[in-house]
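Okay, so here's the structure we're looking at.
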Amino acid sequence: MHSTTLYSLFMPPEDCFGDFGLVCGFTATRQVLGQIRRTFSGEMARPVLAVFIHPTVNAASDVPGLAWMWMKLGNRGYNLLHAKVALLGFRKRGGDGYVLRLAVSTGNWTQDPLTDSIDLFWFIDVDTTSPDKQDIADIRAAHAMFGWLRERADCTLIERDYDGHRPDDRLEAAINQLPPSDKLPRFIDSRTSALFPQVVKQIGMRKKANRLILGSGYFEAGGDGITGLPERLREALAQQGLLTKTAVLDLFLNPGSCQGLAARASALTDAGWSLRRPHSVLHGDSGSLHAKFVLLASGQTEAAGRVYLGSGNLSRNGFELAANAGGNLEAGVVVDLPTGLKWPSRKNGKHTIADLLPVQFTETLNLQTLQTGNDFVPPDEPEALPPISCLVWNEGTLSSPDDTRILVIGADGRSVETPCKWPAPAPVIVTLVEGNWRLPVISAGALVVNRPSDMTVEDILAALASFPEPDGVDHPDDGNEGGEAIADPSDAPEPPPTTYAIRRMMELLVRLGEVQVRLDPRDWQRWCRELRESLCAITAQEHVMISFFRTAGANPLPALADTHMRPDGALAEPLIDALSVVAMDWRLSDYPSLWDRETA
């Protein structure tokens, strides 16, 4: 219920950067998933987000750095994959620190929550060096739900190494190393138990509540009795001694689309319910309610209580059936209201319930204006899933990971069977003929990424100076704190060629060495690969600098392979191999090391 947006759920905490995350949802669009990935991390050469979405013909499987988890179609154990949850891991800058984030949304990963859809979000950040026991219980509960989803999906994209490590290694290690917790999780899901009994069990306070407030964007269309689920929930809370018989009852809905409540409205009002239009601080009265919430509270001026928010609508499949009983997979949280929160009134204009929930208590709806709206239309599901989740490119040949023969749209736009010739550069995405599925390509132990082929020294330092944090935004390199930035040669009189080349190369090697020696050995293979790719990409732009050393018959690159320039525990071979490729590209491989000559 934080004041946030869909995108800010994925924004790294201060002094952190995105490492890896698990995301599930009912629907998602390519545009929004792309922005989510860019907000979370600029890294694209390995999956940084694994996305579990209800089976759809519109799979957004071609977002760089995002792994689409293909949900199995048969014996899946749920009606709809409707839960909207993110479990994210962030690395702290300059050390081994790690922060976990659990986020619950009532909205899908689409444009709707960013525009006219009224949704709610909740999240916690957990520093693994000092975790709270309640937060630990919530993280573990969400992690268990994602484990259940992984059993029902093709997860091969995140179950392989990239640059020597699985993409989820740090996230899994951080969760597994959390200390024990005896707290009841606030996070709940409907894998084996419906949300209804879980909410009833957890939402009560010591003091019997005198207010019950419900909100939902969808209700049961028909066949749900005279008063339906809202009245069943009230009765259950009263029977448990959690709600007074004279409690104030408010039900928030979309008057133009409230399904079976349009027919049950009179019976509900006779039972004491006030039917109300939602009101959002951001949307006013014009937004469409998509949030789902249950608030059990007491107090005349100051509100005290607990609230459920989550994906489960107040319908049978969403709230009263477990996934393993034919209902949806739903998820949510039951949390305490913040202390000091007031009920809205003329006197209490600030810090009220209306700041957190889309509620107002001044207007009730005219029952005659209520409309059922359109019926729910299930999403189109594919008849079959792609037989593979990625392709592999190696030295001009494209193939499937297990050498399965697959028809793809080739580099010339015509159908071709793998393995097939595909001239360099390697493709980022390849389209299968059957199903038109768009799949990522792996090469040299990493996802293929479109990288600039024409870089300068400044470009390299901008990209690698903050390594392992990916450089997602173009910006000038200001150098390390207390150091000097590399000057743009256009800003000063051009020095003699010899001075220019030596100074520029030395500055490049020194700055790269400063970053390199401080690296975590787990980032070593990625560093060597990105160093190789970046240094090869400056061959054209930096020909003056490179040709000076070619003329001099000396190779300056071995300086980076010196023992003192490598982090403890890092093997020399990957770096030596990378520098050998660069030396060949610079046409320096036939020349001795500059530093051997200096020693001599």
Provide the closest heavy-atom pair for [X] versus [Y] in the form atom of the first, atom of the second, distance.
X: Met71; Y: Pro55; value: CB-CG, 3.8 Å
X: Pro131; Y: Val126; value: CB-CG1, 3.7 Å
X: Met145; Y: Ala331; value: SD-CB, 4.0 Å
X: Thr56; Y: Asn58; value: OG1-N, 2.9 Å
X: Gln198; Y: Ser193; value: NE2-O, 2.9 Å
X: Ala322; Y: Arg191; value: CB-O, 4.2 Å

Partner set under ring-ring contact (aromatic ring centres under 6.0 Å, His included) for [X], not counting sequence neighbours:
X: Phe10; result: Trp109
X: His54; result: Phe26
X: Tyr308; result: Phe319
X: Phe293; result: none

Whether Arg526 engages the ring of Trp524 as a cation-pi pair (distance to the six-membered ring centre under 6.0 angstrom, angle to the ring normal within 45°) should be assessed.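 No; the conditions do not both hold, so Arg526 does not lie above the ring face of Trp524.
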
With distance as the sole test, does [X] use its side chain to make a donor-acceptor pair with the main-chain N or O of [Y] at under 3.5 Å?
X: Arg166; Y: Asp168; value: no
X: Ser117; Y: His290; value: no
X: Ser315; Y: Gly318; value: yes
X: Ser41; Y: Glu43; value: yes
X: Ser534; Y: Ile460; value: no
X: Asn394; Y: Thr397; value: no
X: Ser190; Y: Asn328; value: yes
X: Thr431; Y: Trp437; value: no
X: Thr418; Y: Arg405; value: no
X: Asn254; Y: Ser288; value: no

Candidate pair Lys292 and Leu309, rule side-chain contact (heavy atoms from CB on, under 4.5 Å), full reasoning: CA-CA 6 Å; Lys292 306 91 175 160; Leu309 66 91; over 6 Å; no

What residue pairs, at least two apart or across chains, pass salt bridge (charged side-chain N to carboxylate O under 4.0 Å, His left out) with a residue in [range]?
range: residues 104-120; answer: none
range: residues 63-73; answer: none
range: residues 17-28; answer: Asp19-Arg46
range: residues 428-443; answer: Asp62-Arg438

Just checking [X]: does its [atom1] atom have more than 12 heavy atoms from other residues, nucleotides or ligands closer to it than 6.0 angstrom?
X: Gln111; atom1: CD; answer: yes
X: Asp412; atom1: CG; answer: yes
X: Asp380; atom1: CG; answer: no
X: Asp161; atom1: CG; answer: yes

Is it the case that the side chains of Asn108 and Thr110 hold a donor-acceptor pair, with the cut-off being a distance below 3.5 Å and no angle test?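 Short answer, no.
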
Any luck finding a side-chain donor-acceptor pair between Asp127 and Thr129 under 3.5 Å?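 Short answer, yes.
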
Extract all donor-acceptor atom pairs below 3.5 Å that involve side chains of residues 175-183 and protein atoms in other chains or at least two apart in sequence.
residue: Asn176; atom: ND2; partner: Glu172; partner atom: O; Å: 3.1
residue: Ser181; atom: OG; partner: Lys133; partner atom: O; Å: 2.6
residue: Ser181; atom: OG; partner: Lys183; partner atom: N; Å: 3.3

Hey, what do you get for [atom1] ([X]) to [atom2] ([Y]), rounding to the nearest 0.5 Å?
X: Cys390; Y: Leu439; atom1: SG; atom2: CG; result: 7.5 Å
X: Leu391; Y: Leu432; atom1: CG; atom2: CG; result: 6.5 Å
X: Leu519; Y: Arg522; atom1: CG; atom2: CZ; result: 12.0 Å
X: Ile429; Y: Ile409; atom1: CD1; atom2: CD1; result: 14.0 Å
X: Leu571; Y: Ile576; atom1: CG; atom2: CD1; result: 10.0 Å
X: Trp393; Y: Trp422; atom1: CH2; atom2: CH2; result: 11.5 Å

Pairs flagged by ring-ring contact (aromatic ring centres under 6.0 Å, His included) wherever residues 158-192 is involved - sequence neighbours left out: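 Listed by first then second residue: nothing to list.
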
Got [X] and [Y] here, is their nearest side-chain heavy-atom distance under 4.5 Å?
X: Ile442; Y: Arg160; value: yes
X: Pro468; Y: Arg91; value: yes
X: Val416; Y: Leu407; value: no
X: Val307; Y: Val335; value: yes
X: Ile53; Y: Val23; value: no
X: Asp402; Y: Ile388; value: yes
X: Trp68; Y: Leu33; value: yes
X: Leu560; Y: Gln516; value: yes

From Glu220, Glu330, His82, residue fulfilling side-chain contact (heavy atoms from CB on, under 4.5 Å) relative to Asn313: His82

[Y]/[X] salt bridge by N-O under 4.0 Å criterion:
X: Asp523; Y: Arg518; result: no
X: Glu381; Y: Arg76; result: yes
X: Arg101; Y: Asp125; result: yes

Which residues share a side-chain contact (heavy atoms from CB on, under 4.5 Å) with Ser389, sequence neighbours left out: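 side-chain contact (heavy atoms from CB on, under 4.5 Å) list for Ser389, sorted by chain: Trp70, Asp154, Thr156, Leu157.
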
Centroid-centroid under 6.0 Å between Phe40 and Phe17 rings: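 Distance test on ring centres: not under 6.0 Å, no.
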
List for me each residue that meets salt bridge (Lys or Arg N to Asp or Glu O under 4.0 Å) alongside Asp577, sequence neighbours excluded, and say none if there are none.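 Applying salt bridge (Lys or Arg N to Asp or Glu O under 4.0 Å) to Asp577 gives none.
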
